[in-house]
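See below for the structure under consideration.
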Amino acid sequence: MQPSEMVMNPKQVFLSLLIFGVAGLLLFMYLQMWIEEQHTGWGSVNYLQPVPRIMTREKIQEHNTDQNPKYHMPEDPKKRKENLLDSINYLTETSHSQREGQALGKTTESPTFKLIQKYQGTKTLFKKFREMNWPLDIHPLNKSLVKDNKWRRTDETQEKRRSFLQEFCKKYGGVSHPQSHLFHLVSRIYVEDKHKILYCEVPKAGCSNWKRILMVLNGLAPSAYNISHDAVHYGKHLKKLDSFDLKGIYTRLNTYTKAVFVRDPMERLVSAFRDKFEHPNSYYHPVFGKAIIKKYRPNACEEALNNGSGVTFKEFIHYLLDSHRPVGMDIHWEKVSKLCYPCLINYDFVGKFETLEEDANYFLQMIGAPKELKFPNFKDRHSSDERTNAQVVRQYLKDLTRTERQLIYDFYYLDYLMFNYTTPFL
């Protein structure tokens, strides 16, 4: 090759410089984002900055022993920050900036310029999201569709529950920003757009029949009574809130009626154990059962180690209370405070399993559901088994030591207090 052939022409020189320039710009932007993350705590995945909070058990106990809790709304709503919808105004602002740039003759078609715009828009969104007020505002329930006076007592109970939870979170929550990734916060919330409902799923608190109701409201089935268990849980017919983009999440959180249904923590725990470990199960036995037996059963037989069947309630509790569990947590016995985040997302309706039919049918009338639609009262599975109630729970707890029973209560302590459940006899 002759020396003259090695000389790059001007076009090649320009392209090389352009490529190096773009690469340098991308590297600079990456380093800038990394430096900001180190200072703000916003990682590339968990971009909602954790806020440390101190909430001692003694402090919370004051709330639990208060004989006359005061139910009231926040004193000065004007002090609340911008509405959630304001957090998406950056879309309009970005569009306006683009039009200005085009008017000034900027090369808005340049990939580099578009990348910078996207980066700036993302920074704006995150900044506004950090500045949003949490928990979300609580809205008065729209009761215009409730015509029957028979719901008066149910309505009074509902208002007390909402006020109690709100006052508890206001007094002891100490949360000004979410402590988890946004999409994780809303990952258990189901969406029904026609009637503008958000339902947070709490397993073992009537969630299967609630999903059937949502399917009927969505027009996916004519009746809740002919929808199978597999269609409910594995059919993927219902949308979850985390499937929407940020704008869709914010809009629905701020304008839809948000409902959560809860259950006495001990009853819910025993119900989950009976369902998953006392009946054949192709998932919980090999995944949870084998790990539990291996760690907590001395001299376990080969058969039990191989199939994971026959886990005792005591072994299950050892797993639950172990800070080094051999297998992770599961939604069926996870705390409601970690499933639905009731001190971040102010739920408009708080139902309870103990009054499930009454609460559910009142809610259906309130949101304008078809008059013929009633909440089903059948057991989703193992219909011949006795429902888990206080008497059944006592039979399971008697095999535990007093210390173990106390530790279970401590584990679900927040759920007991948030939803004003009576402390169990331990």
Side-chain angles (χ1 to χ4, degrees), residues 53-67 69 160-161 164-165 167-169 171-175 179 200 202-207 260-278 288 292 295-296 311-343 350-356 386-426:
R53 53 177 176 168
I54 300 174
M55 183 164 59
T56 64
R57 176 167 178 171
E58 289 74 16
K59 184 178 179 182
I60 299 177
Q61 190 65 39
E62 297 173 7
H63 182 84
N64 192 40
T65 56
D66 188 356
Q67 299 300 316
K160 289 180 180 179
R161 288 176 187 167
F164 184 90
L165 177 59
E167 186 65 19
F168 173 83
C169 293
K171 194 171 183 180
Y172 299 107
V175 177
Q179 292 188 287
C200 187
V202 176
K204 314 310 300 178
C207 71
V260 60
F261 277 71
V262 299
R263 185 177 186 177
D264 177 273
M266 287 285 190
E267 284 191 19
R268 181 170 164 256
L269 176 67
V270 172
S271 176
F273 171 79
R274 296 176 71 198
D275 180 29
K276 305 306 179 187
F277 295 101
E278 291 187 347
F288 287 86
I292 290 173
K295 183 167 185 179
Y296 306 108
V311 172
T312 67
F313 186 64
K314 193 178 187 72
E315 291 168 340
F316 174 66
I317 295 304
H318 287 173
Y319 145 79
L320 179 75
L321 301 176
D322 190 349
S323 59
H324 302 285
R325 300 183 190 96
V327 61
M329 279 294 288
D330 182 83
I331 60 171
H332 291 83
W333 46 83
E334 180 62 279
K335 308 163 191 174
V336 178
S337 55
K338 287 192 174 183
L339 291 173
C340 298
Y341 297 92
C343 279
V350 180
K352 289 193 173 183
F353 186 82
E354 293 76 14
T355 52
L356 179 57
E386 181 184 3
R387 282 192 182 273
T388 303
N389 52 35
Q391 289 73 29
V392 172
V393 169
R394 278 196 288 271
Q395 292 301 311
Y396 282 81
L397 293 183
K398 72 178 184 180
D399 295 329
L400 306 179
T401 66
R402 179 179 177 83
T403 299
E404 289 168 339
R405 295 195 296 267
Q406 180 65 49
L407 288 173
I408 297 173
Y409 172 69
D410 292 344
F411 184 83
Y412 291 107
Y413 189 63
L414 274 182
D415 284 1
Y416 272 102
L417 297 188
M418 282 182 175
F419 301 107
N420 201 21
Y421 277 107
T422 304
T423 304
F425 177 74
L426 302 174

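A side-chain donor-acceptor contact under 3.5 Å links Lys352 to the backbone of Phe419. A side-chain donor-acceptor contact under 3.5 Å links Arg263 to the backbone of Lys204. Of the possible donor and acceptor atoms, one in the side chain of Glu404 sits under 3.5 Å from a partner among the backbone N and O of Thr401.
Looking at Met418 and Cys343, their side chains come closer than 4.5 Å, going by heavy atoms from C-beta outward. With contacts defined as side-chain heavy-atom distances shorter than 4.5 Å, the pair Pro203/Leu339 qualifies. Annotation: side chain of Leu165 is in contact with side chain of Pro342 (closest heavy-atom distance under 4.5 Å). Contact of the Glu354 side chain with the Asp264 side chain is registered, since non-hydrogen atoms from C-beta on lie closer than 4.5 Å. Annotation: side chain of Phe288 is not in contact with side chain of Pro326 (no heavy-atom distance under 4.5 Å). Taking the side chain as every heavy atom from C-beta outward, Ile317 and Leu269 approach each other to under 4.5 Å. By the 4.5 Å heavy-atom criterion applied to side chains, Asp330 and Lys276 are not counted as neighbours.
The minimum heavy-atom distance between Leu320 and Arg325, with the atom names listed, is O-NH2, 3.0 Å. Residue Arg405 comes nearest to Leu400 through the heavy atom pair NH1-O, 2.8 Å, listed as atom of the first residue, atom of the second, then distance. Pairing each heavy atom of Gln395 with each of Asp399, the nearest pair is O-OD2, 4.0 Å. Between Gly206 and Leu356, the closest heavy-atom pair is CA-CD2, 4.1 Å. Listed here is the closest heavy atom pair of Val336 and Asp415: N-OD2, 2.7 Å.
Taking the six-membered ring for Trp and thresholds of 30 and 60 degrees, Tyr416 and Tyr421 have ring planes more than 60 degrees apart, a perpendicular arrangement. Relative ring orientation between Phe316 and Phe313 is described as tilted, the plane-to-plane angle lying within the 30° to 60° band.
If you check the side chains of Tyr319 and Trp333, you find a donor sitting under 3.5 Å from an acceptor. Side-chain contact, Asp322 with His324: no donor N or O sits under 3.5 Å from an acceptor N or O.
No close placement of the Phe164 and Phe168 rings is indicated, their centers lying 6.0 Å or farther apart.
A distance of 11.0 Å separates CZ of Phe273 from OG1 of Thr388, quoted to the nearest 0.5 Å. Lys160 contributes atom NZ, which lies 15.5 Å from atom CD of Glu167 (distance to the nearest 0.5 angstrom). Atom CG in Leu397 sits 11.0 Å away from atom NZ in Lys314 (nearest 0.5 Å). In this structure, Phe261 CZ and Cys200 SG are separated by 12.0 Å, a value rounded to the nearest 0.5 Å. The distance from atom OH of Tyr396 to atom CE of Met266, rounded to the nearest 0.5 Å, is 15.0 Å. Taking CD1 of Ile331 as the reference point, atom SG of Cys207 lies at 7.0 Å (rounded to 0.5 Å).
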Checklist entry - Taking it one step at a time, do Cys340 and Val202 satisfy side-chain contact (heavy atoms from CB on, under 4.5 Å)? => result CA-CA 8 Å; Cys340 298; Val202 176; 3.8 Å; yes

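No more than 12 heavy atoms of other residues, nucleotides or ligands shown are found within 6.0 angstrom of NZ on Lys338.
Taking the ring axis of Phe411 as reference, the NZ or CZ atom of Lys335 stays within 45° of it and closer than 6.0 Å to the ring centre.
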